Structure formats: structure tokens, C-alpha cells
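Heavy-atom basis, side chains included; hydrogens, waters and symmetry copies ignored. Not measured: the values here are computed from a predicted model. Quick note on labels: first sequence line is chain A, next is B, and so on, each numbered from 1.
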There are 2 protein chains.
Amino acid sequence: MKTHSTQTPDAATANVPDDAAKPKAAATDRTFAILELVASASGPLAVKTIGTTLGLPKPTAHRLVNGLIDKGLLARDLETRDVIIGVEAARLAVGILRASLSRAPVRSVLRAVSAELGETCNVGVLDGGDVVYLDRVEVEHWPLRLQFGVGSRVPMHCTAMGKLFLATLPDGMRSRLLASGPFSAQTAHTLTDPDALAAELERIAARGYSLDDEEYVVGVFCVAVPILSSTGRTVAAIAVQAPKVRLSHDRVEQVLPILRRGAEALSAQFG
Amino acid sequence: MKTHSTQTPDAATANVPDDAAKPKAAATDRTFAILELVASASGPLAVKTIGTTLGLPKPTAHRLVNGLIDKGLLARDLETRDVIIGVEAARLAVGILRASLSRAPVRSVLRAVSAELGETCNVGVLDGGDVVYLDRVEVEHWPLRLQFGVGSRVPMHCTAMGKLFLATLPDGMRSRLLASGPFSAQTAHTLTDPDALAAELERIAARGYSLDDEEYVVGVFCVAVPILSSTGRTVAAIAVQAPKVRLSHDRVEQVLPILRRGAEALSAQFG
DNA sequence: TTCAGCGTCTCATTGAGTGAGACGTGACGC
DNA sequence: GCGTCACGTCTCACTCAATGAGACGCTGAA
């Protein structure tokens, strides 16, 4: 195998004190380091900060950052010139998570949950203000299926997963999203009033799971629970959906433990 | 997919026009291309497939793939030696999605406006004498879409957004920019005469919105309104663009209130 | 066995990345 | 208004890491 034995250039005949902290400066490594830094930062980052944090010379930091901006992986904040994540990065991220879920061991988790519940289950994340389905296992061929396959997007305010994400968001972000627009009434049950929605989010946050009682599609009931990262943050969600004749409030307590077990098994997949 | 539009046609350092071919081969670009390819693939990929798909020489493909594997961004399927997404990539993706949350409000608003109008909408800012698109929501059903993806830059003097920015700029800066001509004639309708352009800017400033009647792309009509900061300054703009058969002068009064509502919602995001 | 296809290794070549330094610019503080 | 400062941009010579053709080895199929 020999992982590229070039770990230390000519360690032999090393008369000089080999400075261990002098790794080779690979452009690609640094580029990924920048991307990861911006992705893990709590907010917009100044290029200077990036440079000092990663120990990059000033022009180099700018060159690499601008390269990422050209690719759309990073972007600049409107008012400040700080660096934020770009839209291409979000696209890439969704693809990555989708691909990482298609790996066999994980796939079986969702399948097992779905089999145990006897209903259609899916896994989704929040991207750009709506819910994206990363994976999905269907049990049956009922007519309402397939409108929402893998990769499709559904609104936040009227789906179990979406409301769950909203409920677990930091306060500032939640209020900004709640302020970001009118909420379309998909059905007669859709919560369109911001106050009513806010109250529902409180309930969801308190009890740790989310329901959708015909709020998006008439006759369809959903239950969603969060998938937590190792730091305890909600990074994704797993949900079951079924026609209301088969799944409704009275069965929630029954499906929750099964969903939660699945969520726990999946959480390893998200760091 | 893959906007890749930012080819930087700037030609600033272009020595001679004879070099038609662009043998630009940046290691970082190719690395990201590999990552994206694996992320968007339906299953595990052979290195050979990656190489041929991206046009990489055999050893190069292996080197880059192994580099990504060393970083944990890719991994190998255990039985087949095929390439799959690695756990680090999933971690990175979660971070990206979290970090890109700050864009969500803008996107939500844009999507709502676009849905209501049934046409492609975008948000842009002024940057270095160009209009740069920050975000964009497209409607799928018309073929000539997509020329201008997120991050791409368009001129100021012949686009609805650009003229809007020009019109709302402080006098000194406007005259400086106007003096920086010449203004290329993109179509027969493009305003290239500084005086005519100045008159147009007066009109725009007076009525508070801006139009582009085939001034940049033949057959395309645009309407743009400003997004104001809390201090009343124009910090960005929201625009709708559509083929002229569907959007023209007679529909302006109809789309304006919808655009303005979106602009107002976006303004709130800067409070 | 022979063949074919894929992964690995080598190595001369070169050009992309590098970073010190100079310069431009905008934001404060006084 | 005027220095001051700090960040961003530009330039340019250097050099090191990436490049890719070619040779080689492995494994599995005919």
C-alpha cells in the first residue's frame, strides 16, 4: 500500500532540526480547510480571520478564498465583505448526504424502520428554507406516493419534518424564517398564522417530535423525530407518513420508539 | 446543472486571441469535480469511470482520488474497490447545510415571489461595477433559462437591476461610473449613449422601479425593485425576468406589488 | 497459457501555487 | 479635515508539488 512515503522529505541526513510543524502546503488541503472552517463557523468570517486561523499568508488566503467564491462554493456577505457558504456548496452538501445515506448499512436502518412500522419512511434535511428528502423507503403502492421522491423539496411550515427543523432552530434564525414570508395554505389544516405556527413549534420543541395532521396533503398524517449529531444538534430527521386511516394521533405513542431507534442508528452517519 | 458560468471573460491579461484552447487544469478544480461526481452518482464509482468521465489521465485520477480518501472525504467499498462518499464528507456536508441556513430566509422569499409570479426571480447586489446574482429561483418550463446562474455577473448599464443600482447611487459615484464607459451594445435596444442612459436613470429614480426591455438579451423583459436597508439605502434588488411574450410593459403594474412585497420582506432581514 | 483491463510506480518536465513586499483604500479617532 | 491603521489587492521571481506518458504487476476470464 505505502501511503505515499513522502511523509517527510529526506528525513535521512537530516542535520537540521526538522520542524514538525512544517507540513507540505498542498493547495487542495488548504482549500478544503477553508471550506470546512467556513462551514463550521458560527457566522460570516473575515478573510483575515481565515488566514490567521489556518496560518495562511495574506495573499494566499485571498487567492484561495476567491477561488472558492468563483466556484460558488463560498460567497460574500452583502454588507460586510465577509465570507459565507455559497449556494453551490449547499447543492454539493445535499448530494453528499444523499450519497452517504445510500450506503448499505445505513440503508438497512431505514428499511427496518419502514418494515417495522409497515409504512413509508423518509430521511430529510433542511436546505435553503425547505426540506429535502435524502432517502425514502416505500412500503406500498398507494396512490398518493411518489409525488415526493428522493431529492424533492417540501415546505417547512406544513410538514412534520419542516416544523421539527423550525422548532429546533436557534431563536434568531427561526424568527427570521418566520418573518420571511406568507405561508401558503396547502390544505384547510395548514397553519398559516405566524402566531399559531409559533405556538405549534413550542409544543414540538417541548415534546421532541413533530406531527403533520393533513397540513400538507389531505388525508395524510406524518410523525417526525430528529436525528441528532454527536453534539446534540438536529441535523436531519426521520419521518413516517401514511394515510390517516392507518396512522393518526392514537398511534403516535406506538410509532415513536421505533422512529427514535432509527434516528439513533442514523445519527452516527452525520458526525 | 453546474452553472460554471464564471469563466471570467475579462480578457484583461489576454495576450493574443490565438489561444482558443483553455488547458486550464487546476488540481483543486478537478478534486472538487471528483467529489461532486461521486456525490451525485447513484452508486459506487470505479476510479476508471471517474477518470474517463472527467477526462483525467489514469495516474492523475488515482492520485486525486487517493488524496480524497486520505482526507476521509471519499472511501472505498469494501468488496469492490469502488469509490463512495466518506464520513468526513458527511460531516462537512452537515456543517455546510447548517452554515447555509443564513441564506434560507432570502431563498424562501424569493421562492414565494417566484411562485406567485410564475417566473424566474433573482436577488442581486452591486459589486465592483457589475451586478452579481446572489440567489435565484428558476421556473423550469422555459428553454432559454439559466444563462445567468448564481454568482454570475452582468453589466450595469443594460440590465434592470444594474440601472436600478445606478439610479440610486450617490451622484458622485454615479457620474464616475457613467464616465467609466464605453457601454457595449448588447442588443439593438441597449442604451449606449450616456445622455440617454442618464435620462433613463432619472425616470427610474423617480418611479422607484426599473425595466429592461430587451436591452441585454433579445426577447427578455425584466422588472426590478430595490431592497432597502433600515437606513433607506438600496443594498440589493429583486427582479423578475421572463420572455417578452409573457412579461412586458402591460404586466408591469401587475407584478410590481408582488415584487415590492418580496423586497419588503427581504428588507426586514437586514434590520 | 494468453490476453485484457485495471491499479501502481517511476521520473523528467513544467507551470501552478506561493508569499514577501509594495501599493490602494476605506474606516475610524482625534 | 488629517494622520493612522488595518485589510484587501497587485506584482513577480522562485520553486516545489502536480503532472502524465510509459513501464510494470496483478487478477480474473477465455
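At whole-Å resolution of the value, CZ in A/Arg76 and C1' in D/dT9 are 11 Å apart. Atoms CZ (A/Phe32) and P (C/dG17) sit 14 Å apart, rounded to a whole Å. Taking atom CG on B/Leu68 and atom P on D/dA18, their separation rounds to 12 Å, with Å as the unit. Protein atom CG of A/Asn66 is 16 Å distant from nucleotide atom P of C/dG19, rounded to whole Å. Summarising the geometry, the separation between CD1 on A/Ile50 and P on D/dC7 is reported as 13 Å, rounded to the nearest angstrom. The distance from atom CG of B/Asp70 to atom P of D/dA18 is 12 Å, rounded to the nearest whole Å. Rounded to an integer number of Å, the gap from A/Leu56 CG to C/dA20 P is 11 Å. Taking atom CG on A/Asp77 and atom P on D/dG8, their separation rounds to 13 Å, with Å as the unit.
For A/Arg63, counting side-chain heavy atoms from C-beta on, the closest listed nucleotide (C/dG19, D/dT9, C/dG7) is C/dG19.
Put simply, B/Thr60 has a side-chain N or O that comes within less than 4.0 Å of OP1 or OP2 on D/dG20. Not one side-chain nitrogen or oxygen of A/Arg30 sits closer than 4.0 Å to the OP1 or OP2 atom of C/dG17. For the pair A/Arg81 and D/dA6, the criterion of a side-chain N or O lying under 4.0 Å from OP1 or OP2 is not met.
Between B/Asp29 and A/Lys71 there is a salt bridge, since at least one side-chain N of the basic residue sits less than 4.0 Å from a carboxylate O of the acidic one. In this structure, A/Arg107 pairs ionically with A/Asp135, as a charged nitrogen and a carboxylate oxygen lie closer than 4.0 Å.
Counting atom types as modelled, A/Lys58 pairs a side-chain N or O with a base atom of D/dG8 as donor and acceptor under 3.5 Å.
Counting any heavy atom pair closer than 4.0 Å across all strands shown, B/Pro59 reaches a base atom.
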Exercise answer: donor-acceptor pairs, residues 86-100 of chain B side-chain atoms, under 3.5 Å, sequence neighbours excluded:
| unit_1 | atom_1 | unit_2 | atom_2 | d |
| --- | --- | --- | --- | --- |
| B/Glu88 | OE1 | B/Arg91 | NH1 | 2.5 |
| B/Glu88 | OE2 | B/Arg91 | NH1 | 3.2 |
| B/Arg91 | NH2 | A/Glu36 | OE2 | 2.6 |
| B/Ser100 | OG | B/Ile96 | O | 3.3 |
| B/Ser100 | OG | B/Leu97 | O | 3.1 |

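DNA chain D is contacted by both A/Lys48 and A/Thr28; A/Lys48 maps to the nucleotide lying nearer its 5′ end (nearest heavy atom per residue). Toward the 5' end of DNA chain D, the nearer of the two residues B/Pro57 and A/His62, judged by each one's closest nucleotide, is A/His62. A residue-by-residue look at A/Leu64 and B/Ala46 shows that B/Ala46 has its nearest nucleotide of DNA chain C further toward the 5' end.
With a 4.5 Å cut-off on side-chain heavy atoms, B/Val109 and B/Val123 do not count as touching. Between A/Leu177 and B/Ser108, the closest side-chain pair of non-hydrogen atoms falls below 4.5 Å.
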